[in-house]
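Taking it in order: structure first as C-alpha cells, then the write-up.
In this text, all values refer to a predicted model and were calculated from it rather than measured experimentally. Order of appearance sets the numbers: ligands from 1, and atoms from 1 within every ligand.
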Amino acid sequence: MSLVVFPFKEEDPEVLLASVKVALAHPRVKEVLCVGASEDHCFRAVSAAAPELTRTYGKPVGIIVQERIGEMRPGKGDGMNTGLKYFLEETDHRRLHFYDADIVSFSEEWITKAEEAADEGYQVVRHYFPRSSTDAMITWMITRTGFALLWPRSALPWIEQPLGGELLLTREAAEKLFADPRVRRQSDWGIDTLYTFAMVAHGLSIAEIYIDAGKLHKLYGALTDLKTMLIECFSAVQGLKGEAVPEGTMHHIEYPGPVRQEMKERIGYDFERTLWLLRENWTDRQVELLALFPREVREGLLTSRQYPRFSFMDEDAWAEVYRVLLAHFDARDADWAELLFKLWIARVLQYTTAVALRGYDYAMYHLHRMVARYVHRALVGA
Ligand code: GDX
Ligand code: MG
C-alpha cells in the first residue's frame, strides 16, 4: 500500500541500509526507493545490496539517480521530486513516505504512526521531534518567522517543523504537490519550505505526529555549514511572498511528550567558532547594503568587524530586518548572501545568550510565543 523514499547524498551506506530494512520489514510498506544525488560511494553500496534485500523481503528495492526537474541548484529538491514523480507515474501505491537517509534512530514506529494518522483521513502526515533549544535556527528564525509575518491567518506559522524531511503524502496530496510548478521548480534546500507551503496552499488536511525518540542524525559544527541551506530556505520564502494561502486548513498537532534531559542539555552549534564569523568576509558593498537596515542594526553589525556584537538583534529588530530582506535580498548576489548570513548569525547569537541560556523550557516557550507575537504584529501592526 505504501512506498518509502529516501533521498540521499554522500551518506553512510550502513545507516541508510539499516533504515531501508526497517521500512521493508513494515507490513504497510510494499516498495522502497532510494534517490541519490549522483552515483557516489553510498549509491554503489546500496545498489550492491539491493537485489539481496529484494529477495529476502520479497519487496522491490529501487535505487535511482535524481532527475533534473527543477530550476534552482540541483539538490534535495530534485531528489524528493524524483521520488514524487516515480510514485505517481511508476506505481499505484496509495501512500508515499519520505525519510532522510542519515537518521540513526529510525524505527518501525515512524511508519506506523504516520500510517495511523493517514488511516484517520489526514491527507498529509508530518513527523516532528524534540529538538535542542539551539538547534533548528533556520526553522525558527527564517521559516516560522517568515510564515508568521507573511501568512499570519494561515496554518503555516503553526506547523512545528516546517523544514522536516519526514512526511507521508496520500496519493491525492502527492498529485497536488507535483502538479504545482512552484514545487517542481524548487530543486534545492528550499524544497521542504515549498512542500509545506503547498500543503497549506492547496488546503490539504495535515496531522503532525510526535516522535519521542527524536531524530538523531549528522550534526553541524560552526554555523558556516548551514550557509547554503540558510540562503536557499530564505529565498524560498521570499519567492512566495506574493502568493495567497487559504485560512481554514484542517491541522492537528499531537501533544509532545516530556523531553529527555540529554536533549535539553544538547548544544546545537559551536558558539566560539560561530562568533568569529561576524568578523569575516566583509566587503565595501556589504557595508553599503547595510544602509537599508535600521540604525542600531547597521551600527551594531559594523562594530562586529572589530569585535563580535549581537545584542541589538532582538526579536523586534529581526522582524524589521526580515521585512527589509523580503523586499531587497538577492540570492544571486554574493554580498547579499554573506550579509543575510551575518544578520542571521547575530540573531542566533542574541537568542542563544538572551533566551536559550535561561534553560530549555523557558527557551521553547519563548520561541513559540515569538511566533505568536509575529503573527499578532502582522495582523494588528507592530
Ligand atoms: N537526492 C538527494 N540530492 N538527496 C540529498 C541532497 C541532494 O542533492 N542533498 C541532501 N540530500 C539528502 C541527505 O542525504 C539527507 O538524506 C537529506 O537530504 C537531508 O539532508 P541532511 O544533510 O541530513 O540535512 P539536515 O540538516 O538534516 O536537514 C534536514 O532537516 C532540516 C530541518 O529539519 O531543519 C533537511 O530535510 C533540510 O531540508 C531541513 O531544513
Ligand atoms: Mg540530517
Note to self: Checking contacts here: is it the side chain or the backbone of K9 that comes within 4.0 Å of ligand 1, counting heavy atoms only? Could be both or neither.
What the structure shows: both

Check: Where's the contact between R131 and ligand 1, heavy-atom distance under 4.0 Å: side chain, backbone, both or neither?
Finding: side chain

Next item on the list: Have a look at ligand 1 and work out which part of K76, if any, has a heavy atom under 4.0 Å from it: side chain, backbone, both or neither.
Entry: both

Check: Quick one: does A136 get within less than 4.0 Å of ligand 1, heavy atoms only?
Finding: no

Item checked: Whether H366 and Y351 hold their rings parallel, tilted or perpendicular, with breakpoints at 30° and 60° -> tilted

Next item on the list: Give the contacting part of H217 toward ligand 1: side chain, backbone, both or neither, where contact means a heavy-atom distance below 4.0 Å.
Entry: side chain

Note to self: Suppose we only allow N, O or S atoms; which atom of D102 ends up nearest to the Mg ion (ligand 2)?
What the structure shows: OD2

Next item on the list: Could you tell me whether some N/O pair between C233 and ligand 1 is separated by less than 3.5 angstrom?
Entry: no

Output a table of donor-acceptor pairs, distance under 3.5 Å, between side-chain atoms of residues 233-244 and any protein atom two or more places apart or on a different chain; print 'none' if there are none.
unit_1 : atom_1 : unit_2 : atom_2 : d
S235   : OG     : I231   : O      : 2.8
Q238   : NE2    : L325   : O      : 3.3
Q238   : NE2    : L326   : O      : 3.2
Q238   : NE2    : F329   : O      : 2.9
K241   : NZ     : L326   : O      : 2.6
E243   : OE1    : R182   : NH1    : 2.6

Item checked: Close-contact set for ligand 1 against G79 heavy atoms, below 4.0 Å -> 1 (N)

Check: Can you tell me the N, O or S atom of H217 that's nearest the Mg ion (ligand 2)?
Finding: ND1

Next item on the list: Assess the side chains of R126 and T196: does a donor N or O sit below 3.5 Å from an acceptor N or O?
Entry: yes

Item checked: Donor + acceptor pair across side chains of E31, T91 (<3.5 Å) -> no

Next item on the list: Would you mind running through ligand 1 and noting each atom that sits below 4.0 Å from a heavy atom of G75?
Entry: 3 (N), 7 (C), 8 (O)

Next item on the list: Would you mind running through ligand 1 and noting each atom that sits below 4.0 Å from a heavy atom of G165?
Entry: 36 (O)

Check: W140: what forms a ring-ring contact (aromatic ring centres under 6.0 Å, His included) with it, not counting sequence neighbours?
Finding: H368

Next item on the list: Kindly identify the option in D100, D192, T193 whose heavy atom sits closest to atom 38 (O) of ligand 1.
Entry: D192

Next item on the list: Give the minimum heavy-atom separation between L278 and A346, together with the two atoms involved.
Entry: CD2-N, 4.2 Å

Notebook entry, point to check: Relative to the heavy atoms of G36, which atoms of ligand 1 are at a distance of less than 4.0 Å?
Noted result: 1 (N)

Check: What part of Q161, side chain from CB on, backbone N/CA/C/O, both or neither, has a heavy atom under 4.0 Å from ligand 1?
Finding: neither

Next item on the list: For V35, counting its heavy atoms only, list the atoms of ligand 1 lying under 4.0 Å from any of them.
Entry: 1 (N)

Next item on the list: Identify which of M229, M80, E232 has a heavy atom lying nearest to atom 28 (O) of ligand 1.
Entry: M229

Margin query: Please list, in number order, the atoms of ligand 1 under 4.0 Å from a heavy atom of D102.
Written below: 23 (O)

Item checked: Charged tip of K342 within 45° of W282 ring normal and under 6.0 Å -> yes

Note to self: Once you measure the plane-to-plane angle for Y99 and F6, does it fall in the parallel (<30°), tilted (30-60°) or perpendicular (>60°) bin?
What the structure shows: tilted

Next item on the list: Say whether K215 and ligand 1 are in contact under the criterion: heavy-atom distance to a ligand atom below 4.0 Å.
Entry: yes

Item checked: Distance-only polar pair, side chains of H202 and D180, donor-acceptor under 3.5 Å -> yes

Check: Using 4.0 Å as the upper bound for N to carboxylate O, is an ion pair formed by D40 and K9?
Finding: no

Next item on the list: Measure the shortest side-chain to side-chain distance between L226 and W344 over non-hydrogen atoms and say whether it is less than 4.5 angstrom.
Entry: yes

Next item on the list: Could you list which atoms of ligand 1 come closer than 4.0 Å to a heavy atom of A101?
Entry: 15 (C), 16 (O)

Next item on the list: Look only at interatomic distance and state if P74 has a nitrogen or oxygen under 3.5 Å from any nitrogen or oxygen of ligand 1.
Entry: no

Check: How does T139 reach ligand 1, by side chain, by backbone, by both or by neither, if only non-hydrogen atoms under 4.0 Å count?
Finding: side chain

Notebook entry, point to check: Are F129 and W110 close enough that their ring centres sit under 6.0 Å apart?
Noted result: yes

Next item on the list: Could you tell me whether the side chain of S205 and the main chain of Y122 form a donor-acceptor pair under 3.5 Å?
Entry: no

